[in-house]
Amino acid sequence: MAKIRDRTISIAAEEEILGNVRNHLKGIVENTPEQKQETVRKEMDNFYKLYAKWRGGISDDLVWGNIRPLPETMLQGYSSLRKVDTDDIGVISKQLNKLVVLKLNGGLGTGMGLGTVGPKSLIRVRDNATFLDVTLNQIENLNEKYGVSVPLVLMNSINTDDETRNALKKYKGVTGSNVDVLCYMQSYYPRIDRETLLPCVKDYNNIDTNEGWYPPGHGDLYESLYNSGLLEKLIEAGKEILFISNIDNLGATVDLNILNHIMRANSKSQFIAEVTNKTRADVKGGTLIDYNGQAKLLEYAQVPPEHVDDFKCVKTFKIFNTNNLWISLEAVKDRVEKGILDRDIIENHKTLDDGRNVIQLETAVGAAIKNFPGAFAINVPRSRFLPVKQTSDLLLVMSNLYHLEEGVIKMSPLRQFPMTPLVKLGTEFKRIQHFLKRFQTIPDLLELDHLTVTGDVYFGRNVSLRGTVIIVANHGERIDIPANSLLENKIVSGNLRILDH
């Protein structure tokens, strides 16, 4: 849960803490090479604002009784949007030329056992294409089809920037590559020593290897985009709307109906968040609520322990945040320059390798919704939320449940049910390299409802899984699912191994 400072500390003591932190941050800037000092100064100024807000308790504790579901004025059904006439190329092209696509590309593949090695966006997810390949292919097709120039902006972190830029080199000079790709790096803030309440670091050197530094969550997008100079350049180029999404959400493609809704002459929407109906798989996903008459993002980490079960209840909180956002570039510039872009702070406690207990302050990009009067949500189809966080998600995306069409991942028309199967894979499948070795080919999942696999299990070629399938290999035992097997509503346990001879 997000926390605020100890209210028992005197005002004088609090001012002394803030003064010490200011001096410490000033020292970090002074110890930075001169050519980087201006950039570091801006980042430390932003960090200090975040720190001062946290220490000052400006974000009061959540009053659970004030939470209400979003009213109809703040939540619109996707089906109610005016449908775009796909033959009206002129109107579509004009709107697309006002658009910028931004992908959050700061993450590593830790959820798939990659540790700190490489950007998640470079994992191959479908037809030998990476997340980055799929994204570029989507925009290439869009630009070619409508004769437009929608740029792709990647917000990288210190962990992903170098490798992402290297990966992009293969697209330069390639015939048919018509996407202007722009990269910038999100901020890096110092972790806070829990004992001294001071930053853990004294200089800005070796930030990629010094664990005293951290990226402060994707809520930093606004300030870091502004400080990079890209925000101003995009506005000068005539761009008006920023479409933001996670790069690992393969369903987050440019939606012409939503863009048209924003660009209509009578629309005053500066911030639109996409939500979708919550399922059992989404119980920890953030949700949008009406809090004292204003749309507000509520993250799992902010929920008081006594209300966690309420938060997970699908009947109480029926929607969750996809992190697909449509925002006015001019509105972002206005709020950053005025210093009025407030976001709730999430306080995370960590222990460093050297044993120090630290605090890192984070914010979420969607939490900025409360700063945009008239902001609302659109309840979109589930197909617009197709994240790949774990190998269980990867199994679905790599299977015949989906196909790749003009860079867009689409569910197979042969699937009789609109919902994706629920898949749970054991720890033996967590690391992507182990996952790939356990499947000679990806099984046929078209008629699968639920799959649970635990233990030392391997799949042969051309296996089909239907209905509910549970496979459990006990400790010390191994199960090999033979090639060309059909498992329909089956439980397989014990030891099964068929060897070729």
Side-chain angles (χ1 to χ4, degrees), residues 81-82 84-105 135-156 168 171-172 176-186 218 220-245 247 252-274 324-338 340-341 365 368-369 371-376 378 406-407:
L81 300 183
R82 183 185 301 174
V84 172
D85 182 356
T86 54
D87 293 328
D88 198 343
I89 304 296
V91 171
I92 294 174
S93 298
K94 184 178 179 180
Q95 293 179 348
L96 284 172
N97 273 324
K98 302 290 185 181
L99 181 68
V100 177
V101 174
L102 188 151
K103 295 290 184 179
L104 303 174
N105 185 46
T135 299
L136 280 163
N137 191 231
Q138 288 169 4
I139 302 178
E140 282 178 353
N141 280 282
L142 198 67
N143 285 345
E144 182 178 356
K145 182 175 182 178
Y146 294 102
V148 296
S149 180
V150 176
L152 171 65
V153 177
L154 298 173
M155 186 177 84
N156 303 330
L168 287 169
Y171 295 99
K172 290 186 177 179
S177 182
N178 56 7
V179 182
D180 187 13
V181 184
L182 307 169
C183 293
Y184 76 100
M185 227 168 48
Q186 71 176 118
H218 44 56
D220 170 62
L221 178 149
Y222 307 100
E223 288 84 359
S224 58
L225 180 62
Y226 181 91
N227 290 337
S228 72
L230 275 181
L231 178 61
E232 187 65 34
K233 289 180 181 178
L234 292 169
I235 292 174
E236 289 176 354
K239 305 301 180 181
E240 297 180 9
I241 301 298
L242 189 65
F243 172 46
I244 303 167
S245 63
I247 200 164
T253 59
V254 174
D255 187 284
L256 298 179
N257 292 325
I258 297 177
L259 179 61
N260 178 61
H261 183 80
I262 297 171
M263 297 298 295
R264 290 205 319 266
N266 63 343
S267 175
K268 297 180 180 179
S269 306
Q270 295 181 335
F271 193 113
I272 293 177
E274 293 184 38
N324 300 346
L325 307 170
W326 302 74
I327 310 177
S328 162
L329 286 168
E330 284 284 2
V332 170
K333 179 184 176 183
D334 174 71
R335 281 151 181 78
V336 172
E337 290 183 342
K338 291 179 179 177
I340 55 173
L341 203 54
V365 64
I369 190 171
N371 300 279
F372 297 83
F376 66 96
I378 296 177
E406 296 183 343

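Being a predicted model, the structure only gives us computed values, none of them experimental.
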> Which is it for L182 and K233 under the side chain to side chain contact (heavy atoms under 4.5 Å, CB included) test, yes or no, and what are the steps along the way?
Replying inline: CA-CA 11 Å; L182 307 169; K233 289 180 181 178; over 6 Å; no
> In terms of side-chain heavy atoms, does Q95 have a donor or acceptor partner in N260 at a distance below 3.5 Å?
Replying inline: yes
>> To check you understand the geometry: which heavy-atom pair defines the closest contact between E330 and I235, and what is its length?
In response: OE2-CG2, 3.2 Å
> So, for N371 and R335, which heavy atoms are closest and what is the spacing to 0.1 Å?
Replying inline: O-NE, 2.8 Å
>> To check you understand the geometry: which heavy-atom pair defines the closest contact between N141 and G407, and what is its length?
In response: ND2-N, 4.0 Å
>> Determine whether E240 and M263 satisfy the following criterion, side chain to side chain contact (heavy atoms under 4.5 Å, CB included), listing intermediate values before the conclusion.
In response: CA-CA 9 Å; E240 297 180 9; M263 297 298 295; 3.6 Å; yes
> Taking atom CD1 of I89 and atom CG of L96, what is their separation to the nearest 0.5 Å?
Replying inline: 9.5 Å
> Where do L225 and L242 land on the side chain to side chain contact (heavy atoms under 4.5 Å, CB included) test, with the steps shown first?
Replying inline: CA-CA 11 Å; L225 180 62; L242 189 65; 4.1 Å; yes
> With a 4.5 Å heavy-atom cut-off, do K239 and P151 have their side chains touching?
Replying inline: yes
>> With side chain to side chain contact (heavy atoms under 4.5 Å, CB included) as the test, pick out the partner of V148 among I92, N97, I139.
In response: N97
> What heavy-atom pair brings V365 and Y222 nearest, and what distance separates the two atoms?
Replying inline: O-OH, 2.7 Å
> Distance from L168 atom CG to C183 atom SG, nearest 0.5 Å?
Replying inline: 5.0 Å
> Only one of L231, N156, N227, L221 forms a side chain to side chain contact (heavy atoms under 4.5 Å, CB included) with Y184, so which one is it?
Replying inline: L221
>> Looking at every non-hydrogen atom in both residues, tell me the closest pair between V332 and F372 and how far apart they are.
In response: N-CE2, 4.4 Å
> Which heavy-atom pair separates N178 from E144 by the least distance, and what is that distance?
Replying inline: ND2-N, 3.5 Å
> Between CD1 of I272 and CG of N324, what distance do you get to the nearest 0.5 Å?
Replying inline: 12.0 Å
> Hey, what do you get for CG (L102) to CG (L154), rounding to the nearest 0.5 Å?
Replying inline: 7.5 Å
> What residues form a side chain to side chain donor-acceptor pair (under 3.5 Å) with Q138, not counting sequence neighbours?
Replying inline: none
> Going by heavy atoms in the side chains, are V150 and F243 under 4.5 Å from each other?
Replying inline: no
> For the atom pair CD (Q186) and NE2 (H218), what is the distance rounded to the nearest 0.5 Å?
Replying inline: 9.5 Å
>> Working note: D85 + V91, criterion side chain to side chain contact (heavy atoms under 4.5 Å, CB included); need CA distance, chi angles, decisive distance, verdict.
In response: CA-CA 9 Å; D85 182 356; V91 171; over 6 Å; no
> CE of M185 to CG of D220: how many Å apart, nearest 0.5 Å?
Replying inline: 10.5 Å
